[in-house]
Amino acid sequence: MSQSYNPKVIEPKWQKTWLDEKAFAATNDFTKPKFYALVEFPYPSGQGLHVGHPRPYTALDIVSRKRRMQGYNVLYPMGWDAFGLPTENFAIKNKIHPRLVTKNNVARFKEQLQSLGFSFDWDREINTTDPNYYHWTQWIFLKLFNAGLAYKTEMPINWCTSCKVGLANEEVVNGVCERCGAPVVRKVKSQWMLKITEYADKLIDDLDGVDYIERVKVSQKNWIGRSEGAEVDFTLAGKDEKLTVYTTRPDTLFGVTYMVMSPEHPYIDKFKADIKNYDEIMAYRDEAAKKSDFERSELAKDKTGVCIDGLTAVNPVTGKEIPIWISDYVLMTYGTGAIMAVPAHDSRDWEFAKKFNMPIIEVVAGGRDVQEEVFEAKTGTMVNSDFLNGMDFATAKRTMIDYLEEKGIGRSKKNFKLRDWVFSRQRYWGEPIPIIHCDKCGYVPLKEEDLPLVLPEVESYMPTDNGESPLAAMEDWVNVKCPCCGGPAKRETDTMPQWAGSSWYFLRYTDPDNDNALASPEALKYWMPVDWYNGGMEHTTLHLLYSRFWHKFLYDQGIVPCAEPYSKRTSHGMILGSNGEKMSKSRGNVVNPDDVVNEFGADTLRTYEMFIGAFDLAASWSEEGVKGCRRFLERVWKLQDMIVDGEGFSEELEVKMHQTIKKVSSDFEAMKFNTAIAAMMSLVNDFYKAGRITKAEFKTFIILLNPVAPHITEELWNIAGFEGRLYNAQWPEHDDDKTVEATIKLVAQINGKTRAVIDAPADIDKDSAIALAKEAVSARLTGTIIKEIYVPGKLVNIVMK
RNA sequence: GCGGAUGUGGCGGAAUGGUAGACGCAGCAGACUCAAAAUCUGCCGGGGGCGACUCCGUGAGGGUUCGAGUCCCUCUAUCCGCACCA
């Protein structure tokens with residue numbers, strides 16, 4: 001009899017062995033077929049690992065382990081995305097240096113990850129806060145700066161009143177700071193920006209060439225928000241100046257009955273002298289400025305506005321004079337900050353027109369009465385539109401744009417929702433921006449040989465009340481000589497956002513110790529692109545977009561060998577508490593992975609998280625489900641007592657063995673881990689029914705299970721005395737001919753309803769099958785047979801009237 | 001409002017257009033045990049029938065098909081993004 005299954009002993013033992021033997025180190029043999037699997041590196045928070053982390057890590061661990069056994073040179077790395085606010089806030093509160101906080105958190109995370117038996121290549125571990133790493137983050141920034149893609153500008157930023165830090169749009173959720181929940185207000189500051197908008201088209205178009213799950217592509221496209229339309233110049237009545245608007249519906253130009261400018265539009269000041277109700281307009285502008293973006297959209301339904309008295313525009317196609325309004329439903333940050341209003345065919349304009357009694361002119365026929373209901377559909381026929389009359393939407397749009405361009409009063413134009421990336425943070429715990437400001441020479445980049453610009457030690461990490469970074473107080477560090485003219489100059493004191501380090505980390509894994517380049521061209525050429533990248537849906541519009549942008553830039557610079565960083569992107573579902581709600585301390589439904597490992601073992605946790613349900617859907621935690629998986633592993637453990645001698649697979653299980661090899665192999669690749677495990681459970685049930693297992697069956701089975709439960713299977717391999725290590729074993733292959741049973745269950749249906757199931761030889765021909773089926777259901781064959789359908793190997797359907 | 005996803009037993013979930021409910025959990029029964037736990041074996045959607053059987057059943061309603069959980073249309077509920085982007 002075997003000893004009892006004790007994961008507490010065998011799991012640490014094998015974890016140590018794998019490390020000692022460098023079992024999962026990727027080799028630099030660039031002639032072997034490669035497989036680069038990537039999971040998002042974690043932010044090492046003070047809370048430690050969450051049960052959500054192992055789900056994606058186990059998934060790609062399974063694929064990586066399988067691919068290694070299939071002969072691939074696999075790179076499956078791990079590292080730490082360690083700059084960031086929570087660490088800094090913790091450091092401030094507890095008066096510990098963020099470097100030490102990070103060190104402690106990383107140590108804890110690493111221990112936890114190792115206790116789960118992931119086959120990460122720990123020789124390639126990286127840390128974004130390591131100067132040898134952020135050396136190259138800064139280097140990329142210099143490249144961006146020198147290419148004109150990094151610039152500094154005064155702009156209103158989202159200012160968190162609690163963190164005292166500027167936030168990217170993406171970090172503001174429902175008007176509050178994503179991290180701390182405090183209100184976010186607008187504040188004008190000089191900020192470093194990255195021109196991600198320069199790559200907006202490529203970021204959309206190149207999605208066609210990559211294998212991302214559809215919802216990721218859709219989200220990225222929506223976030224970038226490309227729209228194609230035209231700019232149209234409206235002359236201001238009695239002036240030479242023009243008011244330019246952006247529209248996606250130039251076809252409706254004949255239906256324009258008024259115009260609207262954003263309250264912040266510069267024309268309000270420019271034409272102050274002409275505007276008779278200037279005070280009223282200014283009052284409206286102040287009112288709008290007081291509202292946060294959130295409040296503006298909260299009040300979206302109820303339109304407000306003021307008509308400008310003394311300034312009107314001329315519709316360039318009708319020649320009619322029309323009023324200009326200001327309203328906060330028009331945003332200064334999109335298009336030109338002004339719109340032409342077509343109330344008949346735009347719901348916002350329609351609401352506004354109804355409220356302020358502006359005329360509504362139908363120019364697209366096909367809807368109901370436009371005085372009663374807006375008609376926005378891009379179908380129907382143009383009316384009341386002179387030379388466009390009778391055309392459909394597409395023709396009218398094209399014709400109008402041609403007309404505008406010919407007359408020089410408009411032009412075809414694309415617009416994007418995507419904005420440039422606000423790249424500075426007034427914080428300590430981030431990469432210093434390697435720029436020096438000289439009054440004479442302007443912004444001067446550091447020389448490459450002066451990198452890394454190391455984050456200096458400061459006494460206090462508190463951001464200052466005036467919104468400067470803590471680095472600003474360090475005069476010794478700040479005041480330097482200009483590298484250009486030698487005169488007095490100051491260092492940039494803002495640091496980079498957390499997204500910086502994660503925008504290129506997958507490149508560093510290919511050659512993590514390189515001191516001369518971010519990675520060698522050879523390593524990049526061999527390993528890139530990442531073959532399979534799995535991560536959370538929450539990173540679809542931020543990290544994924546930012547890193548694609550940087551990669552495309554590096555590609556244009558000739559530094560990386562491919563235009564896209566990731567060939568394939570998948571996403572995992574969240575793990576919810578047992579009550580079906582998101583796990584959180586306040587809800588009291590948090591499960592700690594350490595506890596699960598202690599009580600049941602890492603293999604049980606891994607098996608459970610893969611068995612819990614479809615990988616891409618959210619799943620609720622169940623303690624009973626965990627126990628069930630432990631029970632399964634116990635049954636696997638006891639197979640060792642049922643081993644019998646003999647060559648090959650037993651006759652009764654041969655088909656099932658081949659079927660299982662086939663199913664497990666393909667299900668792992670398709671991320672259908674739950675059904676792969678179900679198939680292995682079913683096979684174990686069959687071994688128990690047989691009461692024995694042959695040596696070949698045992699060996700094959702533990703190889704199949706190994707990627708899911710690596711420790712128990714490695715131990716069983718060792719106990720059974722198989723040669724070498726299981727992690728080095730060869731993945732089994734199935735024989736398609738042997739996945740088919742000699743006899744089948746032939747289903748006999750009448751009018752699609754099953755009436756009998758008959759045993760029949762697998763290779764039965766159509767006529768015999770139909771004859772057999774008819775015999776089985778003869779009692780029911782009372783009507784006229786119209787049709788007989790035979791699905792080979794499956795069923796006969798007799799259609800009867 | 002727009003976009004995306006989901007809806008199948010008591011529960012988690014399976015089903016290339018071909019026997020709906022694999023596998024697991026919970027439950028029930030039996031074996032083992034002085035007993036319990038653990039383990040092993042069997043049963044396990046609902047109605048009707050002693051029974052061989054039979055009818056109903058995949059959120060609702062239509063449709064396509066010899067045949068629909070699966071494909072098409074309409075609706076509904078829940079979840080997740082985005083939100084005046086002209």
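Lettering of chains follows the sequences in order, A, B, ..., and the numbering in each one begins at 1. Fair warning: this is a prediction, and the values are worked out from it, not measured in the lab. The figures that follow rest on heavy atoms only: side chains count, while hydrogens, waters and symmetry mates do not.
On a pure distance criterion of 3.5 Å, a polar donor-acceptor pair joins the side chain of A:Lys303 and the base of B:rC84.
Atom name P, nucleotides B:rA15 and B:rG81: the rounded distance is 27 Å, in whole Å. Nucleotides B:rA83 and B:rG63, compared at atom C1', are 36 Å apart to the nearest Å. For the C1' atoms, the distance from B:rA68 to B:rU19 is 14 Å, rounded to whole Å. The C1' atoms of B:rG47 and B:rC79 are separated by 34 Å, rounded to the nearest whole Å. Distance noted for atom C1' between B:rU33 and B:rU39: 12 Å (whole Å). The C1' atoms of B:rA14 and B:rG45 are separated by 15 Å, rounded to the nearest whole Å.
Nucleotide B:rC2 has B:rG81 as its partner under the Watson-Crick or G-U criteria, with both atom distances under 3.5 Å. Pairing partner, B:rG7: B:rU76, with both Watson-Crick or wobble hydrogen-bond distances short of 3.5 Å. Searching all strands for a Watson-Crick or G-U wobble partner of B:rC28 with both distances below 3.5 Å returns B:rG42. Of all nucleotides present, none satisfies the Watson-Crick or G-U wobble test against B:rA52 with each distance under 3.5 Å.
Using a 4.0 Å heavy-atom cutoff across all strands shown, A:Ile786 reaches no nucleic acid atom at all. Residue A:Ala614 is classed as a sugar-phosphate contact, given heavy-atom separations below 4.0 Å to backbone atoms only. At a threshold of 4.0 angstrom between heavy atoms, the contacts of A:Val747 include nucleobase atoms, whether or not backbone atoms are also involved. Across all strands, A:Gly628 comes closer than 4.0 Å only to sugar-phosphate atoms, never to a base (heavy-atom distances). A:Thr247 comes within 4.0 angstrom of sugar-phosphate atoms only, judged by non-hydrogen atoms across all strands, and of no base. The residue A:Lys672 sits close only to the backbone: its heavy atoms come under 4.0 Å of sugar-phosphate atoms, none of a base. Heavy atoms of A:Asp616 sit nowhere under 4.0 angstrom from any nucleic acid atom. Residue contacts for A:Ser227: at a heavy-atom cut-off of 4.0 Å it reaches the sugar-phosphate backbone alone, with no base atom in range. Using a 4.0 Å heavy-atom distance criterion, A:Lys745 is classed as a base contact. Counting non-hydrogen atoms under 4.0 angstrom, A:Arg755 reaches the backbone sugars and phosphates but no base.
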Heteroatom pairs (N/O) under 3.5 angstrom, protein to nucleotides 39-49 of chain B:
unit_1	atom_1	unit_2	atom_2	d
B:rC40	OP1	A:Arg635	NH1	2.6

Enumerate the protein-to-nucleotides 66-71 of chain B contacts in which both atoms are nitrogen or oxygen and the separation is below 3.5 Å.
unit_1	atom_1	unit_2	atom_2	d
B:rC66	OP1	A:Lys787	NZ	3.4
B:rC66	O2'	A:Asn797	ND2	3.4
B:rC66	O2	A:Asn797	ND2	2.3

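If you take CZ of A:Arg215 and C1' of B:rU6, they are 11 Å apart, rounded to a whole angstrom. One can place CG of A:Leu542 at 13 Å from C1' of B:rC82, the figure rounded to the nearest angstrom. Nucleotide B:rC82 holds its C1' atom 21 Å from the NZ atom of A:Lys217, rounded to whole Å. Between A:Phe416 atom CZ and B:rA86 atom P the separation is 12 Å, expressed in whole Å. Rounded to a whole Å, the CZ atom of A:Arg419 is 13 Å from the C1' atom of B:rC82.
A cation-pi arrangement is present between A:Lys303 and A:Tyr329 under the rule of less than 6.0 angstrom and at most 45 degrees off the ring axis.
Ion pair A:Arg692/A:Glu652 flagged as a salt bridge, since at least one NZ, NE, NH1 or NH2 atom sits closer than 4.0 Å to an Asp/Glu carboxylate oxygen. In this structure, A:Lys354 does not pair ionically with A:Glu351, as no charged nitrogen and carboxylate oxygen lie closer than 4.0 Å.
The side chain of A:Tyr334 lies closest to B:rA86 when the candidates are B:rC82, B:rA86, B:rA26. Here B:rA86 is the nucleotide among B:rG24, B:rA86, B:rC55 with the atom lying nearest to any side-chain atom of A:Val330.
Base orientation of B:rG51: anti, the glycosidic angle falling outside 90° of 0.
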